[in-house]
Structures are given as C-alpha cells and as structure tokens.
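Report on the structure given below.
For ligands, and for the atoms within them, numbers begin at 1 and follow the listed sequence. Both backbone and side-chain heavy atoms feed into the values below; hydrogens, waters and symmetry mates do not.
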Amino acid sequence: MSADEAAGGPSGRLVDELVAANRILGHEGVLDAYGHVSVRHPEHPEWFLLSRARSPEYVEAADIMTFDLDGAVVGDGGPVPYIERFIHAAVYGERPDVGAVCHNHALAILPFSIAREATLHRTINAARLFGDGVPVWDIADEFGTSTDLLVRSIDQGRALARRLGAGPVALMRGHGSVVAGEDLVSVVRACLDMERGARAQVDLLALGPPVRPTDAELAAPPDPSPGGPGRDREWERLCRRAGVAS
Ligand SMILES: [Zn+2]
C-alpha cells in the first residue's frame, strides 16, 4: 500500500483529472519533457499530488506521488521526483486559495521573461489573466548569479511564490512561468490562455498600436467562464484531443 493509500488517499477521480491535465498540457505543447502540473490533496491540504519525474504527455495514475509543503515525499522513498517540485510546495504554502499549480517553459512567454521593456498585459479576451501586467521573477535578485535558473530549494520556491503574489501567473526570467488556480481545469485553461495572449501580443508588434480595451473590459475578472457549460465544453474538447476520458 502506498503512503497515500495508507493516509486515506485522494479520490481516483482527482488522480484521473491530474493525469488528464498532464496529458492535455503535454499534447497542447504547454509542457515539454520538463514542465509539470500538480493538485492539492483533497483530504490533506498540507500535501499535494504530482507525478514522478516523467514527461507529462505520458503520465499515468501509477506515477502520481504525494508531497508536503516543503517539497518532501510523503512516505518512504519512491521514484525520482521532479527537481522543481519546490515551486508547487511553495505556492500551496503561500496561497491557501490555490488548488492546482503548473510550472512550464511555454515558448510563447519566454521572450517576455527577458525583455527589458515589454510586459505581458491584457490585449485579447483570452489574456484577461494578465491583468495590469504579469510580474517577472529573477532568481538572481535573491540567490545570486551562480544558479542554473532551476528552482532547487524551498527557499527559492517561496521567493517565486512571493513574486506571484495573489495573481494567477508569474514569469521566471529566462526559464518559464508558474500558473496557479483554484482547480486543475482552471489552471489548464489559464495555461492555454497565457499562450494565446502572449502570441497575440507578439503578433501585434508588427501591426502598430492597438485599440485600447474599454474600462469595463479591463475590470472584467480573469476567468471569462469560471463555471458552467463553457468550461465543460472546453474541458471535453481538450480531453478528446489528448485521448483521455473527460
Ligand atoms: Zn523549469
């Protein structure tokens, strides 16, 4: 029996949803071989569920491990975990409202993590989550210039989580991003919206100054469809495209 089962275990449905989130984000190109997505444990909020170190596109239920908010494995040993699990641990620790987290190296956002004078901000409807501008976390600010940019400790994770603040997304200089939301469906949708928004903003550079959004548009909540049929419709589509049950 695994440590997780011994502790009462998360529902199989949530594990299935986490597997689906891995497959979707891998299939859609948000996650490469190294990014990862996690969910907070339903019965133990001080724990979270995350795959062993495996390409997300191939994650299965048997790969899911349980970690505490220091990034330590709950239970004895087990397979090799992701190095950057501390990102997830720190965000869950700092943000009680967060139920799911994704760390990714999505190509579309990387230029905005190093550009000196460009900030991701609201342009198209899908970019609502960018708000007034996405913060960029520079690991060198607190940890010097000799890191390899990877988040290898809980202290580094907590510094990133502080830069994320109360928002849904923060960029990591020269590396990627962290996306946080209330549940897995929200985080998957936010990751895809992040990519769409970044691509639209880059495309816009060739076309000149844009039409400014109205004040009402700028004040709209970040999630255009927080519940209801639109959310279900998108989740079904993403699951089918990735070849998993919705
Ligand atoms: Zn990374």
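Vertex the Zn ion (ligand 1); arms to His103 NE2 and His175 NE2; angle rounded to 10 degrees, 100°.
Ion pairing between Asp70 and Arg85 fails under the 4.0 Å rule for side-chain N and carboxylate O. Looking at Arg199 and Glu195, a side-chain N of the basic residue comes within less than 4.0 Å of a carboxylate O on the acidic one, giving a salt bridge. With respect to Asp16 and Arg13, no salt bridge is recorded, no charged nitrogen being found less than 4.0 Å from a carboxylate O.
Within His105, the N, O or S atom at minimum distance from the Zn ion (ligand 1) carries the name NE2. Nearest to the Zn ion (ligand 1), among the N, O or S atoms that Glu84 has, is OE1.
Across all their heavy atoms, Val59 and Arg23 have their closest contact at O-NE, 2.9 Å.
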